[in-house]
**Q** 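Okay, handing you the structure first.
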Protein chains: 2
Amino acid sequence: MAEADVNEEVAALLRRADQRYTTGRRRVVDVLEHSGGPITITQILAADESLSQSSVYRNLTILEEVGAVTRIVTGDDFTRYELAEHLTEHHHHLICSDCGEVTDFSLDDSTESMLDSAFHQAAKANGFTATAHRLDLFGTCGNCA
Amino acid sequence: MAEADVNEEVAALLRRADQRYTTGRRRVVDVLEHSGGPITITQILAADESLSQSSVYRNLTILEEVGAVTRIVTGDDFTRYELAEHLTEHHHHLICSDCGEVTDFSLDDSTESMLDSAFHQAAKANGFTATAHRLDLFGTCGNCA
DNA sequence: ACGCGTAACGAGAATCGTTTTCATTCTCGG
DNA sequence: CCGAGAATGAAAACGATTCTCGTTACGCGT
């Protein structure tokens, strides 16, 4: 999705929730858009020095509530954030157990659709209403190998 | 796996790492074995009042290091633990976004093997060595619906 | 059996990522 | 242009987890 479209879409999501698309929020979205994968608060603050920690935390929470951003928990001590999937592409994560770095990857369409139906069936069998799934690979990245 | 076998296997894992299978550790394993899914430290402490918080944290860390226990991060504020897969069965998780409860589910073998090969391929394409994967469904459980 | 050295324990203190507070600064409708 | 409600930022509070340290229990050699 083009940058302008992302901004427009995020603005719409915020407006729908009676929230403003302030400068700080736009800056956070910009940082997320230009980093090729989920990043930590620390990385966001480093990428744009004009941001203050508490506002970034608060705004990420709001952006997540309106569906513009997704929170990623990897197992190391830092929560990571990325733009929501409908603003990017459907993808999954390769998580380096060594350095904690997270990078995106995709599966081909046939695998994905097969997964979807398997999930749907499994959820149904457990009286569960599934709204999302998480699919991550753990291992060692090229750098750490 | 039968309870006696689990204890034996855990004992072996600990011995291999020059660790002792103490009463406290066995009690933690027992609690994990009798709860049908990943549980929090709080739940473990509630399930066996003889356990002390600091020791449970420490022992879970050790049990994870020797490969007897797996740490599960769901997104709420609590880390959960379960017995490692080779002590149970290969399975995935249904995570209730509402109450945080986690329950196990399985996919059929053909789906699993297809997933495995897709993962292998995706990891390879990214210069990544995959050692494990995580596959969770988020949604609403029967109780919360 | 008896000690000894070391591992494990338990209660509380410390840590640190995250959340909250609160006074100040923006922003938008009227 | 004003005023009310949002959003901000710095600093304090919070809380799950980890660490500290004195005590207890285990395994092993004698």
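By convention in this document, chain letters (A, B, ...) are assigned in the order of the sequence lines, proteins followed by strands, and residues within each chain are numbered from 1. Note that the structure is predicted; figures quoted are calculated from it, not measured.
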**Q** Of all the choices, dA7(D), dT19(C), dG27(D), which nucleotide is nearest to the side chain of Tyr57(A) once you look at every atom?
**A** dT19(C)

**Q** Say you draw a straight line from CD of Glu101(A) to CD1 of Ile95(A); how long is it, rounded to the nearest 0.5 Å?
**A**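 Going from the CD atom of Glu101(A) to the CD1 atom of Ile95(A) covers 11.0 Å.
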
**Q** I want to check one thing: is the phosphate of dA10(D), taken as OP1 and OP2, less than 4.0 Å away from some side-chain N or O of Ser54(A)?
**A** no

**Q** Given dA11(C), dA7(D), dA8(C), which nucleotide is nearest the side-chain atoms of Thr22(B)?
**A** dA8(C)

**Q** With heavy atoms under 4.0 Å as the rule, sort Arg25(B) into base, sugar-phosphate or nothing.
**A**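 Sugar-phosphate contact only - Arg25(B) comes under 4.0 Å of backbone atoms but never of a base.
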
**Q** Taking all non-hydrogen atoms of both residues, which atom of Phe119(B) and which atom of Leu135(A) are closest, and how far apart?
**A** CZ-CD1, 3.0 Å

**Q** Indicate whether OP1 or OP2 belonging to dT17(D) is found under 4.0 Å from a side-chain N or O atom of Thr79(B).
**A**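 Affirmative; the distance criterion is met.
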
**Q** Nearest to the side chain of Arg58(A) - dG17(C), dC22(C), dA8(C)?
**A** dC22(C)

**Q** Side chain of Ile41(A) only, heavy atoms from C-beta on: which candidate in dT18(C), dA11(C), dT17(D) is closest?
**A** dT18(C)

**Q** State, to 0.1 Å, how close Asp76(A) and Gly100(A) come at their nearest heavy-atom pair, and which atoms those are.
**A** OD2-CA, 3.9 Å

**Q** Given dG10(C), dT18(C), dT8(D), which nucleotide is nearest the side-chain atoms of Ser55(A)?
**A** dT8(D)

**Q** Are His90(A) and His133(A), when compared by the centres of their aromatic rings, separated by less than 6.0 Å?
**A** yes

**Q** Using only side-chain N and O atoms of Gln53(A), determine if any of them is under 4.0 Å from OP1 or OP2 of dG17(C).
**A**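 For dG17(C), neither OP1 nor OP2 has a side-chain N or O of Gln53(A) closer than 4.0 Å.
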
